Amino acid sequence: MIKIKTKDLVLAALFAALTAVGAFIRVPIPYVPFTLQVLFVFFAGSLLGSRLALISQLVYLGIGLIGIPIFTHGGGPSYILQPTFGYLIGFAIGAYVIGKIIENLRDKTFINFLLANLSGLAVVYLFGVVYLYFNLNYIAATAISLSKAIKIGFLLPISGDLLLCIIAALISKNVISQVREALPVMSIENR
Amino acid sequence: MLNDIMIGQYIEKDSLIHNLDPRAKILVISFFIISIFLIESFLGYGVLALFILLTVFLSRINLKYILRSIKPLLFIIIFTLVIHLFMTKGGRVLWHWNFLSIEEEGLRMGSFMSLRLIFLISYTSLLTLTTSPLELTDGLERLLNPFKRIGLPAHELAMMMTIALRFIPTLLEEAEKIMKAQKARGADFEGGNLIQKAKNLIPLLVPLFVNAFRRADELALAMEARCYRGGENRTRMNVLAFARKDYIVTVISIIYLSLVGIFL
C-alpha cells in the first residue's frame, strides 16, 4: 500500500488545483501567448519532488476527466478521444522526470534547471506524439505516418514550449529560494 | 466561469438517471464502450442509437447540452470523415473530379467511424451531465476500492480530487488578488523584453506557491486534529447505496449492450 502523509496529500491536491488555475492566467508574449499551466508542471516537479509532482498531475487529470472544464477544450471523459490527450499524460510523467532530475542534482543552477525542464519537455512530447499517432490511427482509424505525426505534433508546436522551458529555468532558482526563505521550518525543508 | 468550475458539466434535475448510483452509471458506460468497439454493422449502431436516445429521454437532459459536448471534438470527427471519404477506396465510384474521388467503401467507413465517435462522446457526456463531480469521485473511490490490495491509493486519490475541486475557485481568486496587489506595488506583468517578462512572473509565483504550502500545512493540521488518518474506518454523511433500481438498470443495460455487441 502506498502511504501518503496527510500534508503531502493536501499539497498534491493544491498543486493540482494550481495547475488548473494556471490555465486561466494568460501571459501576453508576442507570437506565443502562453498560460501559466506548463510553468506549474515545471514547478510542481522542482518544488514538490518527483513523487508528489506525479500524483498532483494525476489528480489534475482526474478532475478534468470527471467533467470539470480545466483542459484547453473543456473536460469530461470523452477528452481521452482528443488526439492531444497524450500531452496531458506527458505532463504527469514529465513532472515526475523533472522532479527526479532536480532531486539528484547538487547545484541548482540555470543550466541544471534548463536540462531538467528540457528532459521533462521531451517526455511530454514523447507521450504526446505517440498518443497522437495511435489516436489518429486507431480511434479515428485514419492512416497517418509516424513522420507526419512527428511533424504536426512536435516540429510545429515545439518552439513556443522551448521558450517556456527557458523562462521557467530563468526564474526557477529565484522562485525556489524565495519560497524556501518564506517557509523556514515548514514542509519544504526536506525537499 | 467560477460556477462552471465548481459543478463541471453537471445539470441538476430529478430524473431516473440522475438518481442512479454513480457506480451503476460508470459500469454501464464501460460496457457501452466495449460494445461500441465490437459492433460491426450500421444496424448495430441503429440499435445503439435507440439506447442512447432512451437514456437521454430518461435523464430529461436537453439534447442541446449533449450536442454542445460534441463541439470540442468536432474537428476530429470531421477529420475522420473527410480522410475516409477521399482515402478509403473500394466499391462503386460515387463522385469523381480530377484526381479526387469518393468511393462506396470510403463513405461507409467514414460515416461509420464518425458515428462511433459521436456516440462515444454523447454517451460519456451523459455521465458528467447527470452526475455531480462529488458523486463521481465518490463512486470512483468505491469502484477502485478492490484495487487497494495491489497498492492503488483509491481513497487518497478521491480525497485529493475533492480537495483540488474545493480549492480551484479559491486559488483562482487568490491569483487574481496577488496580481492586483503586485500591480499596485508597481509590478509589471505586460511590458519588457522576454527575460524581463520572465522575471516579472516571480512576484506572482512566489506568493502563490508560498500560500499553497502554508495552506497545505494548515489544512493537514486541521484534518489530523479531526482524526483524519486515511480511508480506513472512515464514515461518511451520505453513504452510496446500490438500490434495487440500480441493479435493475445495470443488469438490463449490460444484457442489452452485450447482445448488441456480440450479434450486430
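Every chain is numbered from 1, with letters handed out A, B, ... down the list of sequences. Worth saying up front: this structure is predicted, and the values here are computed from it rather than measured. Only this structure's heavy atoms are used, side chains among them; waters, hydrogens and symmetry mates stay out.
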For this session: Would you name the heavy atoms of B:Ile121 and A:Ser78 that are closest together and state the gap between them?
Result: CG2-OG, 3.8 Å
Problem set entry | Residue selection (most heavy-atom pairs with chain A, distance under 4.5 Å) from B:Ala216, B:Ala158, B:Pro207 | B:Ala216
Exercise. So A:Val21 and B:Leu208, side-chain contact (heavy atoms from CB on, under 4.5 Å) or not? Walk me through it.
Worked result: CA-CA 11 Å; A:Val21 167; B:Leu208 215 51; 5.7 Å; no
Problem set entry | Best-contacting candidate, B:Leu73, B:Leu205, B:Leu157, B:Leu140, against chain A by heavy atom pairs under 4.5 angstrom | B:Leu73
Problem set entry | Selection from B:Met161, B:Met159, B:Glu174 maximising heavy-atom pairs under 4.5 Å formed with chain A | B:Met161
For this session: Below 4.5 Å from any heavy atom of chain B, which atoms of A:Tyr60 appear? Answer side chain, backbone, both or neither.
Result: neither
For this session: Anything under 30° is parallel, anything over 60° is perpendicular, the rest tilted; go ahead and classify B:Phe213 against A:Phe15.
Result: perpendicular
Exercise. For B:Phe86, does the CZ atom sit with more than 12 other heavy atoms under 6.0 Å from it, leaving out its own atoms?
Worked result: yes
Exercise. Does NZ belonging to B:Lys180 count more than 12 external heavy atoms closer than 6.0 Å?
Worked result: no
Problem set entry | Spatial distance of atom CD1 (A:Ile68) from atom CD1 (B:Ile168) [nearest 0.5 Å] | 7.0 Å
Exercise. Does any heavy atom of chain A fall under 4.5 Å from the side chain of B:Leu129, the backbone, both, or neither of them?
Worked result: neither
For this session: Grab the two heavy atoms, one from B:Met160 and one from A:Ala12, that are nearest each other, plus how far apart they are.
Result: SD-CB, 3.8 Å
Problem set entry | Step-by-step side-chain contact (heavy atoms from CB on, under 4.5 Å) determination, A:Leu18 to B:Phe209 | CA-CA 9 Å; A:Leu18 268 184; B:Phe209 290 143; 3.9 Å; yes
For this session: Please state whether the side chain, the backbone, both or neither of B:Leu136 comes within less than 4.5 Å of a heavy atom of chain A.
Result: side chain
For this session: Measure distances from B:Leu204 to the heavy atoms of chain A and classify the residue's part below 4.5 Å as side chain, backbone, both or neither.
Result: side chain
Exercise. What do you reckon, is CD of A:Glu103 surrounded by more than 12 foreign heavy atoms closer than 6.0 Å?
Worked result: yes
Problem set entry | Nearest non-hydrogen partners of B:Ala164 and A:Ala17, listed with the distance | O-CB, 3.7 Å
For this session: Evaluate the side-chain contact (heavy atoms from CB on, under 4.5 Å) criterion for residues B:Ile76 and A:Asn135: first the C-alpha distance (whole Å), next the side-chain angles of each, then the deciding distance (0.1 Å), finally the verdict.
Result: CA-CA 10 Å; B:Ile76 182 160; A:Asn135 179 295; 3.4 Å; yes
For this session: To the nearest 0.5 Å, tell me how far A:Leu11 CG sits from B:Asp217 CG.
Result: 8.0 Å
Exercise. Taking C-beta and beyond as the side chain, do B:Ile163 and A:Leu9 meet within less than 4.5 Å on heavy atoms?
Worked result: yes
Exercise. For A:Ile171 and B:Leu201, which heavy atoms make the closest approach, and how far apart are they?
Worked result: CD1-CB, 4.1 Å
For this session: Name the option with the most non-hydrogen atom pairs under 4.5 Å to chain B; the candidates are A:Val175, A:Leu58, A:Thr19.
Result: A:Val175
For this session: For B:Thr128 and A:Ile66, work out which heavy atoms get closest and say how close.
Result: CG2-O, 3.2 Å
Problem set entry | Side-chain heavy atoms of A:Leu81 within contact of B:Thr124, under 4.5 Å | no
Exercise. Is it the case that more than 12 heavy atoms not belonging to A:Tyr96 sit under 6.0 Å from its OH atom?
Worked result: no
Exercise. Is it the case that more than 12 heavy atoms not belonging to B:Phe147 sit under 6.0 Å from its CZ atom?
Worked result: no
Seminar exercise, completed: If one checks every heavy atom of B:Met223 against chain A at 4.5 Å, the contacting part turns out to be side chain
Problem set entry | Most contacts with chain A, counted as non-hydrogen pairs under 4.5 angstrom, among B:Ile77, B:Thr137, B:Val206 | B:Val206
